[in-house]
A.B. asks: 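What follows is a structure written as C-alpha cells; I'll ask about it next.
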Amino acid sequence: YFSFSSNDYKSIEEVKSLNYELFEEIGLDENKINYVSRVIYSTYKKAQYMSPNGASPQKAITLDKEADEMLLRVLSQAELKKFNSIKHKLK
C-alpha cells in the first residue's frame, strides 16, 4: 500500500473509476468497491504524507497492516486474498 504514494490520486472517485474493472474482476459489489476505494485513497494520503517525512520501512509495514484491517471490515479473507493478488495492477 505504501506504493500508492507513487500514484497521484485526486479523489476517491478517481481511485474507483481507474480500478473499477479490477474490483469487479475479483467479485466486489458496489458497496465494497466504494469502501475499498476509500481505504486505498486514505492509505495513499497517509503514504504521501509519510514519504517526504522520511518514513521507515517499519512505518510502511504498519500502514499495510492498518489497510488490511480496514479492508477486513467489509471483505472476506478470500476477497482480501484476491485483492492482494491484484493490487500490483492498481492504477
A.B. asks: Considering non-hydrogen atoms only, spot the tightest contact between Asp8 and Glu14 and give its length.
C.D. replies: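 Result for this residue pair: O-OE1, 3.7 Å.
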A.B. asks: Just how far is it from atom OH of Tyr20 to atom CD of Glu24, taken to the nearest 0.5 Å?
C.D. replies: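 Result: 4.5 Å between the selected atoms.
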A.B. asks: Quick one, Lys46 and Glu66 - any side-chain contact, counting heavy atoms below 4.5 Å?
C.D. replies: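 Result yes, sub-4.5 Å side-chain heavy-atom pair found.
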A.B. asks: Does Asn19 use its side chain to pair, donor to acceptor, with the backbone of Leu22 at less than 3.5 Å?
C.D. replies: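 Side chain of Asn19 to backbone of Leu22: no pair is present.
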A.B. asks: Is it the case that the ring center of Tyr9 lies less than 6.0 angstrom away from the ring center of Tyr44?
C.D. replies: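 Yes, the ring centres sit under 6.0 Å apart.
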A.B. asks: Measuring from Leu28:CG to Ser37:OG, what's the distance to the nearest 0.5 Å?
C.D. replies: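 These two atoms lie 9.0 Å from each other.
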A.B. asks: Starting at CD of Glu79, measure out to CG of Leu72 and round the result to the nearest 0.5 Å.
C.D. replies: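 Here the interatomic distance stands at 10.0 Å.
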A.B. asks: Examine distances only and state if a side-chain atom of Tyr35 and a backbone atom of Glu30 form a donor-acceptor pair shorter than 3.5 Å.
C.D. replies: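 No: the side chain of Tyr35 does not pair with the backbone of Glu30.
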A.B. asks: Which of these, Leu75, Val15, Leu80, Ile26, sits in a side-chain contact (heavy atoms from CB on, under 4.5 Å) with Val36?
C.D. replies: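 Exactly one option meets the side-chain contact (heavy atoms from CB on, under 4.5 Å) with Val36, and it is Leu75.
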A.B. asks: Atom NZ of Lys81 and atom CD1 of Ile86: how far apart are they, to the nearest 0.5 Å?
C.D. replies: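 With rounding to 0.5 Å, NZ (Lys81) is 14.5 Å from CD1 (Ile86).
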A.B. asks: Got a second to check how far Thr43's OG1 is from Asp68's CG, nearest 0.5 Å?
C.D. replies: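 Nearest 0.5 Å value for the OG1-CG distance: 9.5 Å.
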A.B. asks: For a 4.5 angstrom cut-off between non-hydrogen side-chain atoms, does Lys16 reach Ile12?
C.D. replies: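 The answer is no; the side chains never approach within 4.5 Å.
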A.B. asks: Could you tell me the separation between the CD atom of Glu13 and the CG atom of Leu18, rounded to the nearest 0.5 Å?
C.D. replies: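 One gets 11.0 Å once the value is rounded to the nearest 0.5 Å.
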A.B. asks: Quick test of your reading of the model: are Glu25 and Lys82 salt-bridged, counting only N-O distances below 4.0 Å?
C.D. replies: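 Looking at Glu25 and Lys82, the cut-off is not met.
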